[in-house]
Structures are given as C-alpha cells and as structure tokens.
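Here's the structure, in structure tokens; my notes come after.
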Amino acid sequence: MDAIEGILYGFSLALTLKNLAFVFAGVLLGTLVGVLPGIGPAAAISLLLPSTFHADPISSMIMLCGLYYGTMYGGSTTSILANIPGEAASIVTCFDGYQMARQGRAGPALGIAAFGSFFAGTIAVVGLMFLAPTLASVALKFGSPEYFSLMVMSMTLVTYLSQGSILKGLMMAALGLILAAIGLDPVTSTLRFTYDTLVLRDGLGIVPVVMGLFGVSEVLLNVGVTMNREILQSKIKNLFPDRKDWKDSSIPIVRGSLLGFILGIIPGLGTIIPTFLSYGLEKRLSKHPKKFGTGVIEGVAAPESCNNAAATANFVPMLSLGIPANPIMAILLGALTIYGLQPGPLLITEHSDLFWGVIASMYVANVMLLVLNLPLIPLWVQILKVPYAILYPLILLFCLIGSYSLNNNVGDVIIMCVFGVAGFLMKKFQFEPAPLVLALVLGPMLEDNLRQALLISGGSFAMFFTRPLSAAFLVVSVATLLLPLLKMRPTARFRQQEE
Amino acid sequence: MVKADRWIGILFALFSFYVCVESVRFGLGTYQQPGAGFVSFCAGMILGVLSLALIFLAFSRGTKIRKTWHNPGRVVMVFLAILAFTLLLEWLGFILAAFLLIWFLLKFVEQRGWGFSLGVALVVAGASHVVFDLWLRAQLPAGILGN
C-alpha cells in the first residue's frame with residue numbers, strides 16, 4: 001500500500017462517526033490536561049487507558065494520540081495567560097507569551113500558538129506518513145544484534161538528554177532493567193523477584209508505574225508547595241494575528257516545524273529540548289535578539305510549532321521500530337501490547353488499518369484543535385481558576401480508579417502508590433524517572449534480543465561490533481556516554497535557562 | 001543533595017548486591033545460552049558500580065545544599081489517605097471509599113469547611129460512580145453497600 005492509497009484508506013476509517021467522536025474526546029481531554037498544571041500527558045494517557053479496553057484498538061489509539069496532541073496545544077494557554085507551563089514542552093512559551101499577555105497581546109500570542117501548532121502538526125504528519133513506512137521496511141532487515149544495540153542507544157540517549165546528573169540517569173536506567181526482569185522468564189519459566197505475589201507474575205505493569213511516577217508523585221510534590229497562580233483578568237481580544245505578526249512569525253513557524261520534526265525522530269529528545277533549541281535558534285537568527293524575553297511573537301511562534309512537530313515525530317520510531325522516544329510513547333507502546341498488537345517494523349504492514357487510521361486521525365485532530373481551541377479559550381481560563389486544592393483530590397481519585405480498573409486488582413493500586421512515593425523521592429533527590437520508564441519498557445525486548453543474538457553467535461559478543469548498523473548504534477551510545485566528560489551536554493544549559 | 005547522595009548510593013549499592021545474589025539463584029546460564037538471571041545480574045552489576053561512583057563523588061565533593069521539605073505533614077497525610085483508600089477499597093466499596101478520600105483530603109489536608117468538604121465529596125463520589133461504574137463499566141468494587 002503506497003502512501004496516498006494508505007492515507008485515503010486511513011481517512012475512510014478516521015472519518016467514521018465513532019472515530020470522529022474518539023478524536024474529539026481525545027483532543028478535548030488533551031487540551032484540558034494541557035491547561036491544568038499538575039497532570040501531564042503521561043499520567044493522563046495512563047488514566048484513560050483502562051477505559052479504552054472496551055473499544056477497538058484503532059479507536060482507542062486514535063483517542064490516546066489525540067490526547068497527546070491536545071496537551072501540546074493546551075499547554076500554551078497556561079504558559080501565555082498564567083506564566084505556568086501546563087506541560088514541560090510549553091516552558092519556553094512562557095518567556096515571551098506571558099510578556100505579550102501582560103502587554104495586552106494575549107490574543108495574538110494564543111492565536112499564533114494555535115496557527116503555528118496547526119501548521120507544524122500538519123507538516124509533521126506528512127513527514128510521519130512517508131518516513132515511518134520507509135524506516136519500517138529498513139528495520140525489517142534488522143537482526144537481534146541491531147535491535148539490541150538500537151535499544152541500548154535509545155536508553156543512553158534518553159539518559160544523556162534527561163535533565164540532572166547523567167550518573168543518576170544511568171542508575172535509573174539500570175534500575176529500570178532490573179524492574180523489567182520481574183515476572184516469569186519466557187525462556188526458562190523461572191519466576192524472578194515475584195515473592196509469591198500474583199500481581200508480579202506478569203511483570204510490573206507500565207501503566208501503574210507511570211501513573212505513580214508522573215501522576216501521584218506530581219500531586220505529592222505540589223501539595224507540599226503553595227501554588228501562586230496569577231491569571232490575567234483582561235478580556236482576550238484579537239485572536240487573529242495582524243499582518244506584521246504574520247510577517248514576523250511565518251519563517252520562525254517553518255523553521256520551528258522542521259527543527260521539531262527532525263529532532264523529534266531521535267529517540268530520547270522528546271519535545272522539551274527541541275523547543276529550547278528552536279527558541280535559541282530564533283534568538284540567534286533574529287535582528288533584535290535582545291528583545292527576546294520581552295514579548296516578541298517569534299518567541300511564541302517557533303517553540304510552539306516546534307513542540308507540535310516534535311510530538312508528531314516522536315511517533316516515527318515508535319510506529320516503525322517499536323522503540324519509544326519518550327515515556328509517553330512508552331505508554332502508547334504498552335497500550336498496543338495490551339490491545340494484542342505486536343509493536344515493531346511489521347506493525348505497519350500487518351496492521352495497516354491502525355497505522356493509517358491513526359495518521360489520518362492526526363490530520364483530523366489538527367483541524368479540530370484549531371477550530372476548537374480559539375473559541376474555547378474563555379472556558380480554559382475559567383478552568384484555570386479552579387483552585388489546586390480541589391483539583392488534586394480529583395487527580396488522585398482518577399489515578400486510583402485507573403490503576404484499579406486495569407485488572408480489577410488492588411495489587412496494581414499498591415504498585416502505583418509505591419511508585420508514587422518513589423517518584424516523589426526521586427524528584428526530591430534529583431533522579432529522573434524517564435530513563436527508568438524507558439528501560440522498564442525496553443527491558444524485556446532487550447533481554448530477548450540479547451539472548452537470541454548470543455545464541456546465534458555461539459556466545460560471542462563480537463557480533464554486536466562486526467555488523468555495521470549494530471556497531472554504529474553502539475558507537476553512538478559510547479559517544480553519548482563520553483560527551484559529558486567533554487562538557488558538551490546541552491541539557492545543563494537548558495536547565496539554567498529554565499530556572 | 002550531596003550528603004543525601006551518600007546514603008542513596010549506599011542503599012542502591014546494597015540493593016544491587018541483593019539483585020546480583022538473587023540473579024545467581026535464578027541461574028546465569030552460559031554465554032551461549034544465557035539463563036533467567038543473566039540480564040538482571042548484568043544490570044545489578046552496572047547499578048552497583050554506578051552506586052559506588054555516586055558514593056565516591058558525594059564524599060569527594062563534601063556536603064553542600066540542604067534540600068528543604070515544604071509541608072511534609074501534608075504530603076504524609078495525602079499518602080496515608082491514598083494508602084487507606086487502596087486497602088479499604090474492596091471492603092468499603094468504591095463509592096464509600098471515594099467519598100471518604102475526597103472528604104478527608106478537603107477537610108483535614110486542605111482544611112475546608114464541613115459543608116463544603118462533605119458536599120464536594122458526595123458529588124465527586126456520585127459522579128465518578130456514574131461515569132466509571134455505570135457508563136464506562138469499569139467494574140469497581142461494590143463492597144459493603146453491594147451486600
């Protein structure tokens with residue numbers, strides 16, 4: 001099936017009344033999650049996942065992807081109006097977006113964020129549509145050594161690019177691999193680290209772990225601090241940017257979109273780092289770099305476009321290789337497994353309905369978000385005014401319901417609570433949860449491929465270095481680990497900017 | 001953070017030692033045919049080495065930055081509330097457990113009024129029963145109310 005044929009087939013699936021309703025529900029919930037600080041897309045997708053078990057996999061994936069998309073749109077609203085990023089990828093939008101709002105230009109800031117996101121999302125979906133099948137066909141030639149090395153590379157990249165100490169990041173990745181070993185060994189049927197507990201026999205579920213690490217821990221962190229939300233009270237007008245705004249923003253939107261897409265493909269980069277790079281690039285290329293941070297529209301247009309393009313590009317390694325680029329993709333990968341689908345290069349050919357249906361739904365979601373978001377801004381502003389004291393009991397209750405209804409088992413809720421406290425302590429002591437989650441998801445695949453490769457090679461590790469692609473992945477991994485020694489790590493700089 | 005890193009490093013080092021011992025028990029196998037404990041043993045070894053590096057760095061850098069903990073009492077209360085919800089969920093049933101959780105958080109953690117906390121708890125418990133139990137058919141436990 002070629003791309004044109006595929007996308008037409010995808011639209012025939014995405015434009016059914018049922019799937020339109022799923023896209024709508026996803027983008028609406030996603031925007032709401034993006035607007036609300038204290039709950040991010042990872043926790044929200046985990047939360048919604050159990051409720052999709054009754055629906056078919058295509059509709060479910062369409063809704064979950066729409067939710068992810070929606071958070072990217074919604075995050076900009078709080079950044080601009082309240083100087084609080086609804087999710088991490090919108091941190092940069094605060095710099096100039098909030099300043100624009102203070103100058104009475106919240107309307108154009110919100111407008112350009114929405115239009116830029118729409119443009120970037122659409123361009124990125126086209127890229128995804130052509131690139132993912134090509135990459136999947138290349139990946140079909142991968143053997144177990146290539147897969148093993150690719151997973152090692154993904155984990156080291158995530159560790160390298162996550163904020164904080166790389167040593168602690170590597171520790172989290174190693175811990176994730178240990179946690180991934182929990183359960184029944186598929187080869188020897190040995191029970192590992194289960195302690196006669198039924199809930200651990202199938203391994204640690206990704207959903208309760210993510211809900212704990214990203215949902216419960218976030219609540220525990222936030223109840224400990226006083227949240228000061230200063231929402232601009234003035235009426236928002238002129239959502240459509242004027243001619244000058246368009247002139248200033250059009251090239252940054254294109255640049256942000258391209259940069260976001262290219263960087264979003266690389267496992268580990270996620271959406272946060274590309275937005276910082278995009279902002280930095282615009283500042284460097286600008287004729288008036290000193291004005292950045294005082295309320296220039298390019299400072300909103302470029303990073304907002306960039307985060308949407310990167311969010312879409314994150315799907316490329318996930319759908320074509322079965323390698324998640326960030327914890328959110330890891331949950332979606334877990335969702336595919338729960339729906340009985342095998343992620344990997346064969347997914348696109350064996351389940352073309354799912355792949356093309358999701359791609360087409362992304363186009364639909366982009367249009368819906370553009371049409372929905374601007375008129376709904378007053379509603380989001382009202383929701384922003386709900387005190388956190390009322391919101392967090394609801395977030396907690398939804399997390400508890402979500403984890404219980406996975407298997408109707410209290411064991412999953414206990415796992416979530418344990419990881420909630422662990423996530424809270426991890427954040428307090430500056431350990432990043434992303435490498436742990438990725439290692440937990442990739443662990444079983446990594447183990448399978450390592451064992452297969454060693455079986456084929458008769459116990460020789462040389463196979464990983466003599467096969468060109470595998471060697472290339474390992475060289476990147478080693479280089480990634482050595483770069484901090486040369487003080488060439490970009491995230492430290494970003495963290496300083498963020499602070 | 002550096003002082004805490006010493007203790008965290010020691011804890012992780014002990015944990016990694018335990019993982020390695022358990023992995024040997026699962027069976028390491030051979031290079032040709034790795035056993036059930038092979039990967040967890042390798043991961044345990046890596047974690048152990050990294051933990052020692054963390055301890056070394058923490059000791060060599062000396063003590064600095066003392067992390068402040070804001071409102072630890074509230075954090076503990078929230079955690080105890082969700083733990084109690086988890087343990088009592090199947091016995092009390094979802095509606096009652098949800099009601100008590102929301103009421104406790106609003107009344108005792110957030111120190112809102114009786115009427116407000118009871119009212120919100122009632123509405124949230126009822127609405128989530130309708131949405132999750134009746135509409136999404138999440139099969140939440142009925143508990144003592146079901147009997």
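All figures in this text were calculated on a predicted structure; none of them were measured in a lab. Numbers restart at 1 for each chain; the letters A, B, ... are given by sequence-line order, proteins then strands.
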- Where along residues 85-94 of chain B does a heavy atom come under 4.5 Å of chain A, listed by residue number? B:F85, B:T86, B:L89, B:E90, B:F94
- Toward chain A, the part of B:F38 with a non-hydrogen atom under 4.5 Å: side chain
- Query: In terms of heavy-atom pairs under 4.5 Å with chain B, which of A:L179, A:L170, A:L177 leads?
  - Reply: A:L170
- Which residues in residues 182-189 of chain A have any heavy atom lying under 4.5 Å from a heavy atom of chain B? A:D185, A:T188
- Contact origin within B:L106 toward chain A - heavy atom pairs under 4.5 Å: side chain
- Item | B:L47, part contacting chain A, at a heavy-atom distance under 4.5 Å | both
- Item | B:Q33, CD atom: more than 12 neighbouring heavy atoms under 6.0 Å | no
- Checking B:F15 against chain A: side chain, backbone, both or neither under 4.5 Å from a heavy atom? side chain
- Query: Counting heavy atoms not belonging to A:D202, are there more than 12 under 6.0 Å from its CG?
  - Reply: no
- Specify which of B:A53, B:G35, B:G44 makes the most heavy-atom pairs with chain A at under 4.5 Å. B:G35
- Out of curiosity, A:Q430 CD to B:D5 CG, how far, rounded to the nearest 0.5 Å? 8.0 Å
- Message: If you count heavy-atom pairs within less than 4.5 Å of chain A, which of B:V49, B:T30, B:L83, B:V78 leads?
- Response: B:V78
- Item | Shortest non-hydrogen separation from B:F26 to A:L191 and the atoms involved | CE2-O, 3.6 Å
- Query: What is the distance from atom CG of A:L394 to atom CG of B:L101, rounded to the nearest 0.5 Å?
  - Reply: 10.0 Å
- Task: Let me know if B:S16 has heavy atoms under 4.5 Å from chain A in its side chain, its backbone, both or neither.
- Result: neither
- Message: I need the A:L397 CG to B:F132 CZ distance, nearest 0.5 Å.
- Response: 7.0 Å
- Task: Hey, could you give me the CE/CZ distance between A:M171 and B:F12, rounded to the nearest 0.5 Å?
- Result: 5.0 Å
- Selection from B:V76, B:V120, B:I102, B:I46 maximising heavy-atom pairs under 4.5 Å formed with chain A: B:I102
- Note on the structure: Of the listed A:L400, A:I390, A:L396, the one with the largest count of heavy-atom pairs under 4.5 Å with chain B is A:L400
- Heavy atoms of A:A389 and B:E110 approach each other most closely as CB-OE1, 3.3 Å
- Task: Look at atom CE of B:M45 and say whether more than 12 heavy atoms of other residues, nucleotides or ligands are closer to it than 6.0 Å.
- Result: no
- Task: Against chain B, label A:F193 side chain, backbone, both or neither, depending on which of its atoms sit under 4.5 Å from a heavy atom there.
- Result: both
- Closest non-hydrogen contact found for B:S128 with A:I401 is CB-CD1, 4.2 Å
- Task: Identify which part of A:M416 has an atom lying under 4.5 Å from any heavy atom of chain B, answering side chain, backbone, both or neither.
- Result: neither
- Message: Could you report the tightest heavy-atom contact between B:I82 and A:C417, atom names first, then the distance?
- Response: CD1-SG, 4.2 Å
- Note on the structure: Under 4.5 Å to a heavy atom of chain B? For A:L454 that would be both
- Message: Using heavy-atom distances under 4.5 Å, tell me whether B:F79 contacts chain A through its side chain, its backbone, both, or neither.
- Response: both
- Message: Please report the interatomic distance CZ(A:R192) to OG(B:S23), rounded to the nearest 0.5 Å.
- Response: 8.5 Å
- Taking atom CG of A:L198 as the centre, report whether more than 12 heavy atoms of other residues, nucleotides or ligands fall under 6.0 Å from it. no
- Message: Does A:Y392 form a side-chain contact (heavy atoms from CB on, under 4.5 Å) with B:V109? I'd like the steps, not just the answer.
- Response: CA-CA 11 Å; A:Y392 84 79; B:V109 182; 3.3 Å; yes
- Query: Using the ring of each side chain (for Trp, its six-membered ring), is A:F461 parallel, tilted or perpendicular to B:Y31, with breaks at 30° and 60°?
  - Reply: perpendicular
- Query: Do you know which of A:G458, A:A181, A:S405 has the most heavy-atom pairs under 4.5 Å to chain B?
  - Reply: A:G458
- Query: Is chain A contacted by the side chain of B:R112, its backbone, both, or neither, given a heavy-atom distance below 4.5 Å?
  - Reply: side chain
- To the nearest 0.5 Å, what is the distance between CD (B:E22) and CD1 (A:I178)? 12.0 Å
